[in-house]
Every structure is written in C-alpha cells, then in structure tokens.
2 protein chains.
Amino acid sequence: MKSLKIPEATIIRLSVYSRYLHQLDKNGVTTVSSGQIAEGVNGSSAQVRKDLAYFGEFGTRGVGYNVLDLNQQIIKILGLTNRWNVVIIGAGNLGSALSQYKGFQERAFNVMAVFDNDITKIGLRIGGVPIYPISQLHDFVQKEKVQIGIVAVPATYAQEVVDVLVSAGIKGVLNFAPRVISVPDDIELRNVDLAVNLEILTYNMAMTKR
Amino acid sequence: MKSLKIPEATIIRLSVYSRYLHQLDKNGVTTVSSGQIAEGVNGSSAQVRKDLAYFGEFGTRGVGYNVLDLNQQIIKILGLTNRWNVVIIGAGNLGSALSQYKGFQERAFNVMAVFDNDITKIGLRIGGVPIYPISQLHDFVQKEKVQIGIVAVPATYAQEVVDVLVSAGIKGVLNFAPRVISVPDDIELRNVDLAVNLEILTYNMAMTKR
DNA sequence: GACTGTGAAGCCATTCACAGCT
DNA sequence: AGCTGTGAATGGCTTCACAGTC
C-alpha cells in the first residue's frame with residue numbers, strides 16, 4: 001500500500017465525485033475530463049486530479065477519464081464494494097427518517113434494524129425495517145455482524161448507547177446526538193451535528209452583513 | 001472590524017464549545033480553563049485559546065474563563081443573539097424530523113412552516129409546524145421575512161426549490177439533497193450529505209483493516 | 001503557581017505550472 | 001492539441017513555547 005496520509009477533504013470530495021459520475025453515466029456520458037468534473041461539483045480541475053492521484057493513475061493523457069471505470073475505482077477506494085450492515089438506535093423522527101433514507105440503501109448500506117426503548121414502538125416496522133428493544137441491541141450486533149451503528153437518540157443517552165455498541169463489537173459509529181462521545185482508538189467515530197451546520201450558516205450570514 | 005479571515009474549522013469548534021459551556025452552566029460550573037474545555041470536546045488547549053483569540057480576550061490570566069460570559073460571547077459571534085426565521089421544504093421523513101428537531105428551537109431558530117407538494121399533507125401539522133403547498137413558498141418567504149431555507153426534497157427537485165427560495169429573497173440555504181446546488185455569490189449555502197458521512201466512515205474502516 | 005494570549009515554527013492542503021503522454 | 005500526473009510554490013491551520021498577568 002503506497003498511500004500514507006490522505007486528507008479527509010479528499011475523501012469527502014471523492015464521495016461527491018462518485019455521485020456526479022453516477023449521474024453522468026445515467027445520462028450516457030462515457031468520458032469526462034478533470035475540468036468537467038470540477039465544473040460539476042464546484043471545484044478546480046487541479047484539485048480533482050490531485051485527489052485521484054493519491055490512489056493511482058486512472059485517466060488517459062490527452063483524453064480524460066472513463067466515467068464507469070473511474071466511478072468503480074472510487075467506490076473501491078471508499079470501501080463500498082461490499083455491503084455494510086447498519087443498525088440505527090433511536091426510533092424518533094430522526095431515526096425513522098434515517099432508516100428509510102434511500103441514499104443509504106442505494107450506496108452499500110443495509111439498514112437491518114432500529115432499536116428503541118419505547119414499548120409502544122417495539123414490533124412495529126418503519127418502511128420495512130423492524131424496531132427492536134434496546135435490550136436486544138448488544139446481542140443483535142454480535143449475532144448479525146453489524147459493523148456500523150447510527151446513533152439518533154437524545155444527547156443524554158448517546159454515550160450509554162455507544163458503550164453498548166462498542167462492547168458488542170461495532171467498528172464504526174455515526175453520531176447525530178449533539179454531545180461529545182468517547183470511543184476506543186480502534187473504533188471510527190463521525191459526528192453530524194445538525195444545529196452546528198445551521199450555526200455556521202448564521203455566522204457567515206451575520207458576517208457578510210457588515 | 002479587525003477580524004479578516006477566520007478558519008471555518010474555528011467556527012465549527014466555537015459552536016461545539018458553546019454547547020459544552022451550556023452543559024457546564026447547567027451543572028453549576030462558573031469558571032473553566034482552556035484545558036478543561038479541550039478535554040470536554042476532545043481538542044487541545046492551545047486550539048481553544050487560539051479560536052477564542054480571533055475574536056477578543058475573554059479570559060483572565062491565571063484564572064480561566066467565566067462560563068456564562070464566554071458562552072454569551074460565542075453566541076454573539078455565531079450570530080445567534082437574534083432569532084432566525086426558517087422554513088423547511090419537503091415534508092418527507094427527513095423534513096418531518098428536521099421540523100421537530102429540538103436542537104433548532106433550543107438555539108435561535110424558529111421553524112415557521114414546512115412546504116410540500118403532496119396534496120394529502122397540505123393543511124396538516126408536524127408537531128405544531130403547519131404544512132403548506134410549495135406554490136405558496138415564494139410569497140411566504142417574502143411576507144414572513146424568512147432568512148433560511150432547509151432543503152429536504154429529492155435530489156431532482158433541489159435546484160428548482162432553491163431557485164424559488166433565492167428569488168423570494170432567502171439569505172441562507174442548508175441543503176440535505178445529495179446534489180450540487182448553485183446559488184448567487186451573496187447567498188450562503190451549506191450542504192449536509194448523510195451518505196457522504198457514512199462513506200467517510202467506511203473509507204476509514206476499510207483503511208484501518210490493513 | 002496557574003492560566004491566558006500570541007508570535008514563531010511546523011505541518012498540511014491547495015494551487016500553480018509544466019513535463020509527459022495520446 | 002488536449003488533458004493527465006506531479007514537483008514546486010503558496011497559503012492556511014495547528015502546535016509549540018513562552019512572555020504576560022492575576
């Protein structure tokens with residue numbers, strides 16, 4: 001493996017390129033240049049080439065990139081050639097929305113179950129995904145070899161839930177609770193804070209007003 | 001105005017500090033050091049001090065920061081002293097979840113209405129927030145002086161909806177649709193792509209396996 | 001003694017510019 | 001002629017280390 005340190009920003013962009021390439025392919029486009037990709041995703045052509053260069057030489061000089069090949073390569077880089085087993089914890093509004101989110105299924109994610117401790121919800125299904133009690137979370141993760149847990153519970157319970165996931169052998173956590181979470185070093189953790197995103201927006205808006 | 005260019009990463013962290021300070025305050029803590037904040041948010045103390053130093057001198061040498069004062073200052077920096085009017089477009093799962101998301105109300109955001117073009121939903125309310133037809137979006141934004149639009153419609157309609165928002169005089173857009181959106185230079189745009197977040201997770205997980 | 005505020009150093013990411021291929 | 005791949009230059013963010021203050 002030659003790669004050593006790849007900027008996270010590069011990975012984010014690769015994911016965006018991938019979606020754009022998929023769109024191009026659907027429109028019957030077979031070849032694309034770094035300049036065209038840049039235009040499609042609001043970036044620069046040098047940036048696109050640099051990002052791809054971390055992982056190999058996917059293009060043809062004088063020509064460009066083959067849309068399908070390139071997308072296949074990116075999908076491989078992102079680790080999406082095999083599907084991932086996912087559980088969602090929290091059957092509230094956000095958890096329900098995430099469990100039906102088409103974008104997950106379309107990429108390589110199987111949402112296998114939702115867990116909640118509201119007795120009235122247990123046994124129900126959200127768009128085909130069953131709801132189980134949190135007491136079964138640990139065993140389910142272990143038995144079904146779930147690799148990713150999406151946390152959509154109130155902030156107060158977030159750490160507690162993550163601890164259960166970790167003890168059951170989860171490998172990655174996507175946390176939507178607005179709370180700082182601790183996990184062991186070998187567990188991947190990403191936080192999505194919806195309010196933070198709005199606040200960055202307002203900061204910029206308040207700024208430009210001057 | 002002395003500030004010229006503040007890293008976006010700093011703004012994101014300020015938002016996180018703010019939430020942590022709020023939590024400290026609720027626990028009765030009145031004074032805090034940069035080191036303690038760093039510990040609470042998984043950062044470094046130097047980073048905390050640098051972030052704050054962009055905007056002024058809020059601490060006392062040898063002592064630390066006053067929790068309440070500092071949080072007040074950050075809230076001011078983030079532009080959250082006045083409340084912002086927000087509309088959500090798309091009454092699907094995600095739009096519904098967002099419209100009831102407590103984190104928005106708790107900070108400075110009024111979710112005034114949800115818009116959708118599904119006739120069966122018009123007139124209903126999602127947790128107190130009314131649903132109106134998209135045909136009324138333009139006039140509502142204008143009349144109610146809505147500053148922020150949250151886009152939670154399918155990717156195909158996202159640009160279309162944003163165009164309406166812009167023409168009605170919106171100032172900021174938070175886009176959840178997995179599609180690259182164009183807006184004029186004077187409109188703030190932020191994208192939250194849920195699938196991208198999962199994909200970064202899988203990239204890192206696939207990496208560490210080697 | 002403890003902790004902030006900050007210049008300087010170090011590190012990382014992006015942009016530039018061009019050599020190399022088709 | 002057109003476009004990729006990449007070393008070099010630039011710019012930006014983070015970390016270090018310490019002077020300044022309480």
Side-chain angles (χ1 to χ4, degrees), chain A residues 2-17 20-21 24 29-74 77 200 203-204 207, chain B residues 2-17 20-21 24 29-74 77 200 203-204 207:
Chain A
K2 66 166 205 178
S3 64
L4 203 59
K5 196 69 195 80
I6 285 115
E8 174 162 301
T10 290
I11 305 303
I12 296 173
R13 285 189 298 265
L14 284 181
S15 181
V16 176
Y17 300 162
Y20 182 64
L21 290 168
L24 286 181
V29 181
T30 58
T31 304
V32 69
S33 71
S34 59
Q36 288 170 279
I37 297 176
E39 202 179 333
V41 303
N42 290 329
S44 79
S45 65
Q47 182 87 81
V48 171
R49 294 197 300 279
K50 209 32 150 208
D51 286 339
L52 297 174
Y54 282 114
F55 301 95
E57 306 192 2
F58 305 127
T60 310
R61 292 169 194 230
V63 180
Y65 304 86
N66 177 291
V67 171
L68 222 51
D69 278 4
L70 182 57
N71 197 18
Q72 210 50 53
Q73 292 289 347
I74 294 178
I77 292 165
I200 299 162
Y203 168 79
N204 287 324
M207 270 296 101
Chain B
K2 66 167 203 177
S3 65
L4 203 57
K5 196 74 194 75
I6 285 116
E8 175 164 301
T10 289
I11 305 303
I12 295 174
R13 284 189 298 264
L14 284 180
S15 181
V16 175
Y17 300 161
Y20 181 63
L21 290 168
L24 286 181
V29 181
T30 57
T31 304
V32 70
S33 71
S34 59
Q36 288 170 281
I37 297 176
E39 203 178 333
V41 304
N42 291 329
S44 79
S45 64
Q47 181 87 81
V48 171
R49 293 198 300 280
K50 241 320 180 249
D51 286 338
L52 298 173
Y54 281 113
F55 301 96
E57 307 192 0
F58 305 128
T60 310
R61 294 171 193 227
V63 179
Y65 305 86
N66 177 292
V67 171
L68 222 51
D69 278 4
L70 183 57
N71 196 20
Q72 211 49 53
Q73 292 289 347
I74 295 177
I77 292 164
I200 300 162
Y203 168 79
N204 288 325
M207 270 296 101

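Predicted model only: the values in this text are computed from it and were never measured. Labels below follow one simple rule: chain letters A, B, ... track the order of the sequence lines, proteins then strands, and each chain is numbered from 1.
- A distance of 7.5 Å separates CD1 of B:Ile77 from CD1 of B:Ile11, quoted to the nearest 0.5 Å.
- Side-chain proximity of B:Ser33 to C:dG5, C:dC3, D:dT6: nearest is C:dC3.
- Looking at B:Phe55 and B:Ile6, their side chains come closer than 4.5 Å, going by heavy atoms from C-beta outward.
- For the pair B:Leu52 CG and C:dT6 C1', the computed distance is 13 Å after rounding to whole Å.
- When rounded to the nearest whole Å, the span between CD of A:Gln36 and P of D:dC3 equals 8 Å.
- Within the structure, every side-chain polar atom (N or O) of B:Thr60 is placed at least 4.0 Å from both OP1 and OP2 of C:dT4.
- For A:Asp51, the side chain to side chain donor-acceptor pair (under 3.5 Å) test picks out A:Thr10, A:Arg13, A:Tyr17, with sequence neighbours left out.
- Neither OP1 nor OP2 of D:dG2 sits under 4.0 Å from any side-chain N or O of A:Tyr65.
- Legend: residues meeting side chain to side chain donor-acceptor pair (under 3.5 Å) with B:Gln73, ordered by chain and number and at least two apart, are absent.
- Counting heavy atoms of neighbouring residues, nucleotides and ligands inside a 6.0 Å radius, atom CD of B:Gln36 exceeds 12 of them.
- Judged by closest nucleotide on DNA chain D, A:Gly62 is the one of A:Gly62 and A:Arg49 placed further toward the 5' end.
- With hydrogens and angles left out, the side chain of A:Arg61 and the base of D:dG5 share no donor-acceptor pair within 3.5 Å.
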### Task
Any chance you could list the contact pattern along nucleotides 7-15 of chain C? Use B for base contacts, S for sugar-phosphate-only contacts and - for none, protein heavy atoms under 4.0 Å, 5' to 3'.
BB----SSB
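- Atom pair B:Phe55:CZ and C:dT4:P shows a separation of 18 Å (rounding to whole Å applied).
- Interatomic distance, B:Tyr65 OH to B:Leu24 CG, rounded to the nearest 0.5 Å: 14.0 Å.
- Computed from coordinates, the A:Phe58 CZ to C:dC21 P distance equals 19 Å when rounded to whole Å.
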